There are 2 protein chains.
Amino acid sequence: MKANVVIVEDDPLVAAHVGRGVEAHVGLSLVATTGTLAGARALIDRNVDLFILDLGLPDGSGIELIEEIRARAGLEPKILVLSVLGDQDTVLAAVLAGADGYLLKDIDSLDIGQQAADALTGGAPLSPSIAAYVLRHLRRQREDAKPDDADPPLSPREIELLQLLARGYSNRQAAAELEISPHTIGDHVKSIYRKLRVSNRGEAMVRAFRSGLLRL
Amino acid sequence: MKANVVIVEDDPLVAAHVGRGVEAHVGLSLVATTGTLAGARALIDRNVDLFILDLGLPDGSGIELIEEIRARAGLEPKILVLSVLGDQDTVLAAVLAGADGYLLKDIDSLDIGQQAADALTGGAPLSPSIAAYVLRHLRRQREDAKPDDADPPLSPREIELLQLLARGYSNRQAAAELEISPHTIGDHVKSIYRKLRVSNRGEAMVRAFRSGLLRL
DNA sequence: GCGACCACCCCGTAAACGGGGGATTGAAAT
DNA sequence: ATTTCAATCCCCCGTTTACGGGGTGGTCGC
């Protein structure tokens, strides 16, 4: 059983080249080629195993198409992006929308058939420069969420108070809850602000979340 | 000026094979080969541009080495992992530790030189099956952060303001930033509080996080 | 026309903020 | 053994800000 492949590409030369690559590969069957978003939409519900698509189409962005394909329940065709657009925003948008692979047109597409086969078997062919964006993005998220429990840790009392503040308690209310003086609450709050390096309640909450002191 | 490459690989056959790949590439200069973590550590502070390393070493995991290299300030050598270990945990650990690329040993390493060159120029060579893990992980984070409120949606202006408040802006500062009257800021803030059903800044931030209006 | 969103204004009360002062305890460092 | 330090607690001060209520007017889309 050969995999059904659809090519979405407005440049006839590129489309033809990719088409040859697909047909040269055993296991792949080129069932259609279209140059527009509209044409591709008409094919979504057909029995397609793999879309190889360009992002810059005359009637819109291929990213829309990715979203539409992924919105279909039940269908899980693979999507391999083949684009000249290598900027970080475009790449991330495509990947987050659900692309299974992202290849730049500047690579030697001699083995486009192999790349397509990789995609079909659960792999994610990425051009190295594309992969660099993705990895960078991954690591950035990691570092954003980490860097500050090492600053100055809050004392147990301060954490206790912080959780009350997160629930909207005023200093006075927190004082009643903890059965201490409102002045002392004020002191603890000052202390929290100093340790978190903020100067008001809102920012303190934000930092508390980002530090993992408060949970979602 | 050729790039200095160090190979960290305990299997002599693989090391030799990779070494040939490196030497066959103009622009790459193989300066050392070692089969142990200890041997690699001695090379960290040398002038190395690229490490090609195996993860399964006799005296520990290559991931430790990645962390040690990345902990060095000033040095920014590229790190290309070449491993038989293709499980998701290992891959993510290596990538998050700071690997610039990850290749499985089952690929045809004929073009190891090319992959190395890609890594040196800022690319991230990933085997397709490896890339699939990375993309899946990326998207999962996205979906975890998504499921949201539908309570009362904030207007664009209110969201804009909310983000300023999250950064600790006072009403007056936000007014300056958005170039509108402080009174109007107050009005928008009231509106936000009403929609989020809170009555102060701190609680508003908390609800914004829990609603997905603000991201970690 | 009605309801949103956005913008602006005034008011008063209440709260937060940012300094200062001091006390006690217990652990850690010298 | 003395000191130093963090944590907890208490208090006062003044200034700034937030909060919650009121009202006005404009634009836009349905």
Side-chain angles (χ1 to χ4, degrees), chain A residues 60 64 146-215, chain B residues 148-215:
Chain A
E64 299 172 32
K146 199 191 278 186
D148 50 353
D149 44 355
D151 292 270
L154 297 190
S155 71
R157 197 56 155 177
E158 287 161 353
I159 291 177
E160 197 179 0
L161 175 53
L162 191 69
Q163 286 162 348
L164 293 181
L165 298 186
R167 283 152 61 187
Y169 280 52
S170 70
N171 288 359
R172 182 180 310 277
Q173 289 172 324
E177 179 70 25
L178 298 181
E179 296 180 309
I180 57 178
S181 161
H183 298 294
T184 303
I185 295 293
D187 292 334
H188 287 316
V189 171
K190 288 175 195 174
S191 180
I192 291 172
Y193 290 172
R194 182 167 30 79
K195 288 179 179 175
L196 297 183
R197 299 191 306 277
V198 299
S199 57
N200 61 55
R201 253 175 175 64
E203 208 179 358
M205 292 302 115
V206 172
R207 290 206 78 85
F209 268 106
R210 303 211 213 266
S211 303
L213 293 169
L214 290 175
R215 311 233 172 278
Chain B
D148 47 10
D149 46 19
D151 293 289
L154 297 190
S155 73
R157 197 56 156 176
E158 287 161 353
I159 291 176
E160 198 178 1
L161 175 55
L162 189 70
Q163 286 163 348
L164 293 181
L165 298 185
R167 282 153 59 188
Y169 281 51
S170 69
N171 288 0
R172 181 180 311 278
Q173 289 172 324
E177 179 69 24
L178 298 181
E179 294 179 310
I180 58 180
S181 161
H183 298 105
T184 303
I185 294 293
D187 292 334
H188 287 317
V189 171
K190 290 175 195 174
S191 179
I192 291 172
Y193 289 173
R194 183 166 29 79
K195 287 178 178 176
L196 296 183
R197 299 192 305 279
V198 299
S199 56
N200 61 56
R201 253 173 173 67
E203 211 179 354
M205 291 304 114
V206 172
R207 290 208 79 86
F209 268 106
R210 301 210 213 268
S211 302
L213 292 169
L214 288 175
R215 305 243 172 269

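Reminder, nothing fancy here: chain letters follow the sequence lines and each chain counts from 1. Every value quoted in this text rests on a predicted model; they were computed, and no experiment measured them.
B:Gln173 contributes a side-chain N or O that, together with a main-chain N or O of B:Ser170, makes up a donor-acceptor pair within less than 3.5 Å. In this structure, the side chain of B:Asn171 does not engage the main chain of B:Pro182 through any donor-acceptor pair within 3.5 Å.
A:Leu161 places its CG atom 10 Å from the P atom of D:dT8, with the value rounded to the nearest Å. Going from atom OH of A:Tyr193 over to atom C1' of C:dA16 covers 7 Å, rounded to whole Å. Rounded to whole Å, atom C1' of D:dC5 lies 13 Å from atom CZ of A:Arg194. Between B:Ile192 atom CD1 and C:dA7 atom P the separation is 12 Å, expressed in whole Å. What separates CG of A:Leu154 from P of D:dT8 is a distance of 10 Å, to the nearest Å. Distance CE (A:Met205) to C1' (D:dA18): 16 Å, rounded to an integer number of Å. With rounding to whole Å, B:His188 atom NE2 is found 13 Å from C:dC9 atom P. Remark: C1' of C:dG18 and CD1 of A:Ile185 are 17 Å apart, rounded to the nearest angstrom.
Partners of A:Ser181 according to the side-chain contact (heavy atoms from CB on, under 4.5 Å) rule, which considers only residues two or more places apart in sequence or in another chain, are A:His183, A:Thr184. Considering only residues two or more places apart in sequence or on other chains, A:Glu160 meets the side-chain contact (heavy atoms from CB on, under 4.5 Å) condition with A:Arg157, A:Leu178.
The shortest side-chain heavy-atom distance between A:Arg201 and B:Met205 does not fall under the 4.5 Å cut-off. When side chains are defined from C-beta on, A:Val206 does not count as touching B:Arg167, because their heavy atoms never get closer than 4.5 Å. With a 4.5 Å cut-off on side-chain heavy atoms, A:Phe209 and B:Arg210 count as touching.
Recorded end-axis angle for the helix from C:dG3-D:dC28 to C:dA29-D:dT2 stands at 50°, based on five pairs per end and rounded to 10 degrees.
Checked against C:dA7, C:dC5, D:dA18, the side chain of B:Lys195 finds its nearest nucleotide in C:dC5.
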At a cut-off of 3.5 Å, list every protein nitrogen or oxygen paired with a nitrogen or oxygen from nucleotides 10-13 of chain C, distance to 0.1 Å.
none

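Along DNA chain C, the nucleotide nearest B:Pro182 and the nucleotide nearest B:Ser155 are compared for position; the residue whose nucleotide lies closer to the 5' end is B:Ser155.
Annotation for A:Ala208 and A:Leu162: closest pair CB-CD2, 3.7 Å, computed over non-hydrogen atoms. Across every non-hydrogen atom of B:Glu203 and B:Ser199, the tightest pair is OE1-N, 3.8 Å. Minimum heavy-atom separation, B:Glu158 to B:Ser191: OE2-OG, 2.6 Å. The two residues B:Ala204 and B:Leu196 make their nearest non-hydrogen contact at O-CD1, 3.9 Å.
Between B:Arg201 and the phosphate of C:dA16, there is no side-chain N or O to OP1/OP2 separation shorter than 4.0 Å.
The list of salt bridge (Lys or Arg N to Asp or Glu O under 4.0 Å) pairs with a residue in residues 171-183 of chain B, not counting sequence neighbours, is empty.
Among the atoms of the strands shown, only primed sugar atoms or phosphate atoms (P, OP1, OP2) are found under 4.0 Å from some heavy atom of B:Ser199.
Contacts between residues 169-181 of chain B and DNA chain D, defined by a heavy-atom separation below 4.0 Å, involve B:Ser170, B:Asn171, B:Arg172, listed by number.
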